[in-house]
Amino acid sequence: MSFGFFRTPTKPKSTPVVEREHCVAGRTLPLKIVENDRARRLTLRIDSGGRGLRITVPPGLRRGEVEKFLDRHQDWLEQRLAKVPNRPQVRPGIKVPVRGVPHRIVHEPSKRGTVTLSRDERGPLMIVHGERVHLPRRIADFLKREAKREIEALVTKHSAAIGKRAKAIRFKDTSSRWGSCTSDGNLAFSWRIMMAPRPVINYLVAHEVAHLKEMNHGPKFWKLCEQLCPDTERCKDWLKRNGGALQAIAFE
């Protein structure tokens, strides 16, 4: 059987995708098999935080070849996944960072479903009201609201500095990238960046806004990025070292 069944006659330009699960190293992970007309060989990638797997395949490849490819790379997957932090489930008692500051989650079900930041003698708190079952979603929604408020203000600031305007700003929960900028000026950000320190949030926004003027990663782009964010190198390094841990936090 080939991957020809991926193709949808009514949408010939869409990227054919098959989604399934794959068991490795005691974990059951979502697996995306993506057919790409430009691919000449199979490539395997682990999503940031070990949240899933992705295989890119040439068009028309037989399905059995994918299974053989996975079997050959099982040891490689186990070794890489062993280095990925366990996915901590958001729950009362654990700490979730907000703008780089760890906040201990406290559940208070007696009030309506809101999230407030506070502190006690032990340090910063994140107080979550409402039913326990909704706690992870309420925290995710809180981070999304904070991201929208802070990032939109930073986009306005940095875009004014370079004389460009963003066409739209969107927020997603992406596992492969922290932000993006399209050629027509649409910006997108992962709301998880609100768990990073403020300078790193600023760097990410400066990075994507710089793409409004320089759609590349050449010398002119990095010079512009550093003009907008003098801490570019330090913040880029922080995100490289710590981003996986933020991606690993489970809000399901």
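These numbers come from a predicted model, not from an experiment.
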Mind checking the CD1-CE spacing from Ile94 to Met126? Nearest 0.5 Å is all I need.
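CE of Met126 is found 9.5 Å from CD1 of Ile94.
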Measure the CZ-CD distance between Arg54 and Glu19 for me, rounded to the nearest 0.5 Å.
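Separation between the atoms: 10.0 Å.
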Would you say [X] has more than 12 foreign heavy atoms packed within less than 6.0 Å of its [atom1]?
{"X": "Glu131", "atom1": "CD", "answer": "no"}
{"X": "Arg41", "atom1": "CZ", "answer": "no"}
{"X": "Arg132", "atom1": "CZ", "answer": "yes"}
{"X": "Lys144", "atom1": "NZ", "answer": "yes"}

[X] and [Y] ion-paired at < 4.0 Å:
{"X": "Asp231", "Y": "Arg234", "result": "yes"}
{"X": "Glu226", "Y": "Lys220", "result": "no"}
{"X": "Asp141", "Y": "Arg145", "result": "no"}
{"X": "Glu150", "Y": "Arg99", "result": "yes"}

Who else is in the cluster with Leu125 when I, L, V, M, F, W and Y are joined by side-chain contacts under 4.5 Å?
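Members besides Leu125, by chain and number: Val106, Ile127.
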Quick one: which residue pairs count as a ring-ring contact (aromatic ring centres under 6.0 Å, His included) with a foot in residues 92-143, not counting sequence neighbours?
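Found none.
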Under 3.5 Å side-chain donor-acceptor pair for His158 and Asn202:
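Checked: His158/Asn202 side chains pair up, N/O donor to acceptor below 3.5 Å.
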Do [X] and [Y] belong to the same hydrophobic cluster, where Ile, Leu, Val, Met, Phe, Trp and Tyr are linked whenever their side-chain heavy atoms lie under 4.5 Å apart, directly or via other members?
{"X": "Phe69", "Y": "Leu81", "result": "yes"}
{"X": "Val101", "Y": "Met194", "result": "no"}
{"X": "Leu224", "Y": "Met215", "result": "no"}

What about the rings of Trp178 and Tyr203, do their centers lie closer together than 6.0 Å?
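No, they do not, as the ring centres are separated by 6.0 Å or more.
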Keeping Arg149 on the side-chain end and Ala147 on the backbone end, is there a donor-acceptor pair under 3.5 Å?
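Between the backbone of Ala147 and the side chain of Arg149 there is no qualifying donor-acceptor contact (under 3.5 Å).
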Treating His73 as the side-chain partner and Trp76 as the backbone partner, does any N or O pair qualify as donor plus acceptor under 3.5 Å?
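Here the side-chain-to-backbone pair does not exist.
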Residue that, paired with Leu61, satisfies side chain to side chain contact (heavy atoms under 4.5 Å, CB included) out of Leu42, Ile33, Ile55:
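Exactly one candidate clears the test, Leu42.
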